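What follows is a set of notes on a single structure, which appears directly below.
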Amino acid sequence: MSSRNITSVQDAQPPSSNNPATGGPLLDIRDLRVVYLTTRGPVKAVDGVSLAIQPGEVVGLAGESGSGKSTIAHAILRILHPPALITGGQALFSGRDIMKMDDTELGQFRWSEISIVFQSAMNALNPVMKIRDQLLDVMQCHGLSKTVANERAVHLFDLVGIDPQRLEAYPHQLSGGMRQRAVIAIALALNPDMLIMDEPTTALDVVVQKDILQQIATLREKLGFSILFITHDLSLLVEISTRIAIMYAGELVEKAPARELFELPLHPYTLGLMNSFPSISGLKHKLTGIPGSPPDLVEPPAGCRFHPRCPKVMAICSQVAPATKFISPDHSVSCHLFNQDR
Amino acid sequence: MTKHFPVGVFFNKKQVHAVEDASFIVQRGQVVALVGESGSGKTTTIRMIARLIPVTRGEIFFEGANILRTEPHRASMDYRRKVQLIFQDPFASLNSVHTIEHHLARPLIIHKKASGRQEIHERVCDLLETVELKPAAEIANRYPHQLSGGQRQRVAIARALAVDPELILADEPISMLDVSIRMGVLNLIDKLKEERGISYVYITHDLASARYIGDKIMVMYAGHMVEGGDGEALMNEAAHPYTQLLLSAVPNPHASLRTDKGIGARGEVPSLIDPPPGCPFATRCLKVMNPCRQVMPGQTVVQPGHWVRCHLFSPDGNS
């Protein structure tokens with residue numbers, strides 16, 4: 001069980017560019033680092049995350065609350081506010097580094113190329129503005145004339161499955177599901193290449209959730225945008241995404257095609273997450289979840305951050321952070337269990 | 001020694017018909033899971049059982065006694081000891097200016113379960129160990145903000161256990177917790193059921209967790225109980241179109257998302273302020289028939305231990 005043979009330090013960084021065969025990723029996040037400055041010291045919320053999203057792909061980002069999922073989303077759009085600080089890394093969008101854009105460039109870039117759908121539609125919408133005005137606002141900001149914008153607003157509402165008459169409604173007059181659809185309509189207003197969805201359905205009932213997910217899938221087929229889908233619900237991700245990245249305590253611990261991750265999860269944390277969702281079919285068996293709770297990121301555990309909770313912990317895990325190993329070209333895992341045999 | 005809860009209830013505050021004709025039985029040592037969307041009346045139902053809100057009409061039998069008769073105005077100390085609540089939000093249900101020991105000592109003192117500083121402290125530590133919070137003596141001195149969500153929910157469970165309850169009403173106890181620790185809390189609930197014979201009413205909107213922990217499952221829609229029965233029977237042979245809709249909406253990794261509409265019923269939950277006659281699901285149901293819009297169907301037993309309220313199964317219909 002013990003692993004005395006590997007005492008030397010981590011091997012090199014993972015191959016930095018992901019499969020160039022497909023003509024280059026749409027968004028390429030490289031070694032992104034974000035800290036929150038607190039009185040207790042910097043909280044390393046995102047610590048060296050690399051993730052590439054190809055055009056038209058749906059990439060799922062899964063992890064618990066506090067693992068840094070939303071921080072990544074906010075960092076990509078550069079909408080983080082002061083105690084948060086981006087300390088390193090690049091986010092290349094069609095080759096341009098978002099982290100280097102100035103304010104004018106950012107203003108143009110946001111929403112026309114990449115937009116975001118937040119978790120709580122009620123908070124994302126302005127309660128004292130009609131939905132129509134909020135939709136027009138986005139489009140006029142980006143230089144569309146009022147007539148064009150108005151036409152487009154009607155079209156967008158059709159697209160997301162709300163009666164265009166509801167454009168005159170205020171947010172509180174819509175049901176939760178409709179509000180989230182309206183937010184999606186706003187996100188699609190300028191026909192972006194990529195949509196970041198930060199737990200878009202967590203606050204909704206299952207039936208409405210299913211409806212909206214289906215709507216998103218249909219829209220994506222029609223319009224061809226990519227999605228970065230953030231959620232803690234792994235079973236949902238397996239259903240909708242092409243690839244999944246698992247995040248724990250600010251780091252990506254495993255990346256794989258959705259189906260492969262579901263059928264062959266490698267990292268003990270991924271396994272633990274899989275073991276945290278009861279199923280509605282099949283044999284009923286005891287699920288264990290994961291003992292313990294996520295670490296304090298001011299002083300993350302030395303070595304592998306998951307080692308205090310890991311059922312397969314070895315001596316090396318508490319000393320050396322595991323390097324990322326590529327099991328296959330598109331399946332990587334950061335765990336000493338897999339460093340050993342290679 | 002069975003405990004009966006034929007709760008026939010008609011809650012009519014401000015004409016919002018939040019819960020109508022809800023009846024179910026909780027046997028000793030059994031978990032009954034109430035499943036439904038938000039606004040379906042789940043929480044109202046258990047708040048009535050806990051006697052936090054008055055019941056408009058109906059009866060609650062607890063250990064054979066009709067408690068709304070025997071203690072009409074206010075629940076007795078004894079009833080309040082035997083029936084305990086666990087709330088959804090462990091961040092709101094603990095008082096942030098008091099230590100964990102204070103939270104656990106209060107019920108012990110009020111219900112005279114322990115006296116004297118030493119004895120109380122020992123009981124508190126026992127309780128914390130029961131809910132697997134260790135080292136107990138150290139946790140007891142902490143304040144709620146020093147604990148994680150899962151730990152706080154365990155404290156809430158320990159507080160309910162302090163008075164040796166017979167029935168615990170758990171209102172979405174895991175929905176606010178991190179996914180990786182949810183199963184731990186559910187397993188704890190299950191363990192206490194096995195070891196102490198505690199009964200539960202477990203509220204959730206998540207059918208999968210209802211199946212995991214529930215011996216019986218009751219599905220609520222717009223204030224009505226539309227289907228109920230043994231967990232497995234209900235899951236495998238869901239009869240009510242609403243239950244089928246719920247089941248089809250649960251994310252299922254085994255099947256990828258289809259872009260066609262599938263079983264998807266559209267429309268909204270009817271207003272509960274002036275509910276239309278007939279079945280509340282009629283407005284969304286794909287199999288709606290004429291009688292559905294006129295009469296609320298009665299209970300039909302589809303198989304032993306599994307009933308449904310749907311005209312499709314009414315004796316004069318198909319079944």
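No hydrogens, no waters, no symmetry mates; every other heavy atom, side chains included, goes into these values. Labels below follow one simple rule: chain letters A, B, ... track the order of the sequence lines, proteins then strands, and each chain is numbered from 1. Worth saying up front: this structure is predicted, and the values here are computed from it rather than measured.
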Walk me through it: do A/Ile290 and B/Ile181 pass the test side chain to side chain contact (heavy atoms under 4.5 Å, CB included)?
CA-CA 6 Å; A/Ile290 308 173; B/Ile181 55 183; over 6 Å; no
Does any non-hydrogen side-chain atom of B/Leu246 lie less than 4.5 Å from one of A/Val206?
yes
Test your reading of the model: is there a side-chain donor-acceptor pair from A/Lys210 to the backbone of B/Val250, 3.5 Å cut-off?
no
For B/Lys193, I'd like to know if atom NZ has over 12 heavy atoms of other residues, nucleotides or ligands within 6.0 Å.
yes
Within 6.0 angstrom of B/Gln303 CD, more than 12 heavy atoms from elsewhere
yes
To the closest 0.5 Å, what do you measure between CE (B/Met183) and CZ (A/Phe277)?
10.0 Å
Once rounded to the nearest 0.5 Å, what's the spacing between atom CD of A/Gln209 and atom NE2 of B/His205?
8.5 Å
Report which part of A/Leu287 has an atom under 4.5 Å of a heavy atom belonging to chain B: side chain, backbone, both, or neither.
both
A/Asn275 versus chain B, the contacting section by heavy-atom distance below 4.5 Å
backbone
Shortest non-hydrogen contact from [X] to [Y]?
{"X": "A/Pro278", "Y": "B/Ala208", "result": "O-CB, 3.2 Å"}
{"X": "A/Pro294", "Y": "B/Asp178", "result": "CG-OD2, 3.7 Å"}
{"X": "A/Ser276", "Y": "B/Val179", "result": "CB-O, 3.5 Å"}
{"X": "A/Glu64", "Y": "B/Ser180", "result": "OE1-OG, 2.7 Å"}

I'd like to know which of B/Asn187, B/Leu207, B/Leu247 tops the heavy-atom pair count under 4.5 Å against chain A.
B/Asn187
Going by the rule salt bridge (Lys or Arg N to Asp or Glu O under 4.0 Å), which residues pair with A/Arg305 if we only count those two or more places apart in sequence or in a different chain?
A/Asp47, A/Glu251
Which answer fits B/Asn236, side chain, backbone, both or neither, if we ask what part of it has an atom under 4.5 Å from a heavy atom of chain A?
neither
Heavy-atom proximity to chain A below 4.5 Å, by part of B/Ser209
both
